[in-house]
Amino acid sequence: MNELQTILSDSVNGLLAERVTKALVQKAEEGDFPTALWNEVEANGLTRVLVPESQGGAGGTWADAAIVLKAAGEHVAPLPLADALLANWFLVQAGIEVPDGVTTLLDGAFTLEGGKLSGEAPGVPYGRNAAHGVAIVKGEVVLVPLDGAAIEPGLNVAREPRDRVVLKGAEATAKKTALPGNAMKLYGALIRACQMAGALGYLSSQSVAYANERTQFGKPIGKFQAIQQQLAVLSTQAAACGVVTDHACAQLDKRGAEAAFEIAVAKIRVDDASSIATSIAHQVHGAIGFTYEHGLHFATRRLWAWRAEFGAGSEWAAMLGRETVAAGADALWPHVTAR
């Protein structure tokens with residue numbers, strides 16, 4: 001890590017470790033948005049990591065953003081931190097001023113006519129709590145206030161707000177960008193992959209700690225070879241996902257939209273790992289891991305929910321498969337080794 005990344009890591013992990021308690025997450029699942037925590041996150045500039053310093057941001061890279069995204073996943077922060085971070089980056093790409101307050105992503109079917117946005121988006125992260133939404137319509141990044149939107153509340157399996165947002169002729173600010181046509185899905189997949197990598201890290205550390213505390217037959221269960229083998233697999237999966245998401249972010253900094261291959265691979269790898277890791281974590285914890293009172297499920301339910309968002313791993317794998325077949329056999333090896 002460089003100096004900025006060290007400061008950023010200490011800041012975000014220190015804040016979330018102290019503020020995101022089990023009680024806070026439980027209240028959030030009951031519908032109580034943690035406004036005080038959001039205000040601290042925003043005051044620390046964590047939603048503006050990718051915003052230039054001239055616009056009040058940190059002027060960071062995607063490698064820097066990965067630190068924040070992983071921390072949000074590891075500490076199961078019940079906030080649209082990742083979504084706001086990406087939304088603000090979209091605005092920067094379009095030269096639109098980044099607003100204060102909660103901003104979320106509008107991934108849906110919209111039309112833009114005369115500076116007015118109409119349409120709907122299902123499953124909007126924290127739509128009910130957001131002051132603004134960011135959509136991409138035919139190459140234009142669109143910033144729209146949500147105070148006049150019709151919002152139908154919904155929840156994912158992790159009980160995070162995923163609301164249906166309907167807009168009819170809402171006044172909006174829009175500007176053309178050079179973002180790829182699938183920018184919302186592509187970069188959305190990256191932020192979810194990074195969050196999932198963080199949550200997998202939590203499962204690994206939590207499972208190791210529990211195995212060293214829980215005793216059976218007079219000794220910690222972590223001393224049994226079968227448990228050690230499972231923990232080794234879990235730790236390997238978490239480590240691999242940390243590496244693959246870091247690589248995807250580094251390639252995005254280096255090559256822009258040409259890093260689509262690395263982003264797709266990251267989402268595929270993390271989705272696969274989530275199935276393996278959640279199974280092992282719950283087996284190691286035994287019955288207590290399935291209770292609501294224990295905090296393990298906060299991470300596992302998010303992993304199950306996030307792997308379906310912005311394209312499941314199977315969708316990205318199918319896309320890569322089609323591209324590979326279309327390019328022909330002779331292009332496969334050069335394409336892989338170029339990375």
Side-chain angles (χ1 to χ4, degrees), residues 1-9 12 45-55 57-73 81-95 98 105 134 136 139 141 176-198 200-201 238-271 273 310-311 313 316-317 319-321 323-324 326-327 331-339:
M1 286 189 183
N2 58 35
E3 184 178 359
L4 172 60
Q5 291 172 341
T6 299
I7 294 172
L8 189 59
S9 178
V12 64
L46 299 178
T47 63
R48 294 181 178 237
V49 173
L50 296 171
V51 177
E53 293 182 23
S54 60
Q55 298 178 38
T61 64
W62 273 98
D64 303 323
I67 295 171
V68 176
L69 295 168
K70 288 181 180 180
L81 173 52
D83 309 275
L85 189 151
L86 178 56
N88 289 342
W89 184 71
F90 283 149
L91 295 175
V92 169
Q93 302 309 299
V98 176
L105 299 168
V134 172
I136 299 179
V141 172
K176 283 281 187 183
T177 70
L179 291 168
N182 66 339
M184 184 69 75
K185 183 176 181 178
L186 180 65
Y187 301 121
L190 179 59
I191 63 171
R192 287 294 182 266
C194 289
Q195 286 179 282
M196 292 172 73
L200 288 166
C241 291
V243 171
V244 75
T245 49
D246 282 345
H247 180 64
C249 288
Q251 288 300 303
L252 178 53
D253 285 327
K254 182 179 179 180
R255 298 166 46 237
E258 293 183 7
F261 175 88
E262 286 80 5
I263 294 173
V265 168
K267 190 61 162 65
I268 294 166
R269 183 67 184 85
V270 174
D271 278 20
F310 298 109
W316 287 106
M319 183 203 74
L320 291 184
E323 290 181 355
T324 300
L332 176 59
W333 185 246
H335 182 65
V336 173
T337 57
R339 288 160 169 79

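Positions are given from 1, in the same order as the sequence printed here.
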If you round to the nearest 0.5 Å, how far is [atom2] of [Y] from [atom1] of [X]?
X: Arg269; Y: Met196; atom1: CZ; atom2: CE; value: 11.0 Å
X: Glu323; Y: Leu332; atom1: CD; atom2: CG; value: 12.5 Å
X: Thr324; Y: Met319; atom1: OG1; atom2: CE; value: 9.0 Å
X: Asp64; Y: Ser9; atom1: CG; atom2: OG; value: 11.0 Å

Tell me, please, which residues at least two apart from Glu262 pass side-chain hydrogen bond (donor to acceptor under 3.5 Å, both in side chains).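 Partners of Glu262 by the side-chain hydrogen bond (donor to acceptor under 3.5 Å, both in side chains) criterion, ordered by chain and then number, come out as Arg255, Arg339.
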Run the side-chain hydrogen bond (donor to acceptor under 3.5 Å, both in side chains) test against Thr6 and tell me which residues pass, sequence neighbours left out.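 side-chain hydrogen bond (donor to acceptor under 3.5 Å, both in side chains) list for Thr6, sorted by chain: empty.
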N/O donor-acceptor pair under 3.5 Å between Asp253 side chain and Ala63 backbone: yes
Set of residues satisfying side chain to side chain contact (heavy atoms under 4.5 Å, CB included) with respect to [X], sequence neighbours excluded:
X: Pro180; value: Asn182, Ala183, Leu186, Tyr187, Ala257
X: Ala94; value: Ile96, Val141, Lys175, Thr177
X: Val265; value: Val244, Phe261, Leu320

Go through the steps to decide whether Ile263 and Phe310 satisfy the test side chain to side chain contact (heavy atoms under 4.5 Å, CB included), and finish with yes or no. CA-CA 12 Å; Ile263 294 173; Phe310 298 109; over 6 Å; no
With the side chain counted from C-beta on, respond yes when [X] and [Y] share a heavy-atom pair under 4.5 Å apart, and no when they do not.
X: Val49; Y: Trp62; answer: no
X: Thr61; Y: Asn2; answer: no
X: Leu190; Y: Leu252; answer: yes
X: Leu179; Y: Met184; answer: no

Considering all heavy atoms of both residues, which atom of [X] and which atom of [Y] are nearest to each other, and what is their separation?
X: Ala193; Y: Thr245; answer: O-CG2, 3.6 Å
X: Gly311; Y: Lys185; answer: CA-CE, 3.8 Å
X: Cys194; Y: Cys249; answer: SG-SG, 3.7 Å

Is it the case that more than 12 heavy atoms not belonging to Lys176 sit under 6.0 Å from its NZ atom?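 More than 12 heavy atoms, drawn from other residues, nucleotides or ligands, come within 6.0 Å of this atom.
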Under 3.5 Å, which donor-acceptor pairs link side chains of residues 81-91 to any protein atom two or more places apart or in another chain?
{"unit_1": "Asp83", "atom_1": "OD1", "unit_2": "Arg192", "atom_2": "NH1", "d": "3.4"}
{"unit_1": "Asp83", "atom_1": "OD1", "unit_2": "Arg192", "atom_2": "NH2", "d": "2.8"}
{"unit_1": "Asn88", "atom_1": "ND2", "unit_2": "Thr47", "atom_2": "O", "d": "2.9"}
{"unit_1": "Asn88", "atom_1": "ND2", "unit_2": "Ala84", "atom_2": "O", "d": "3.3"}

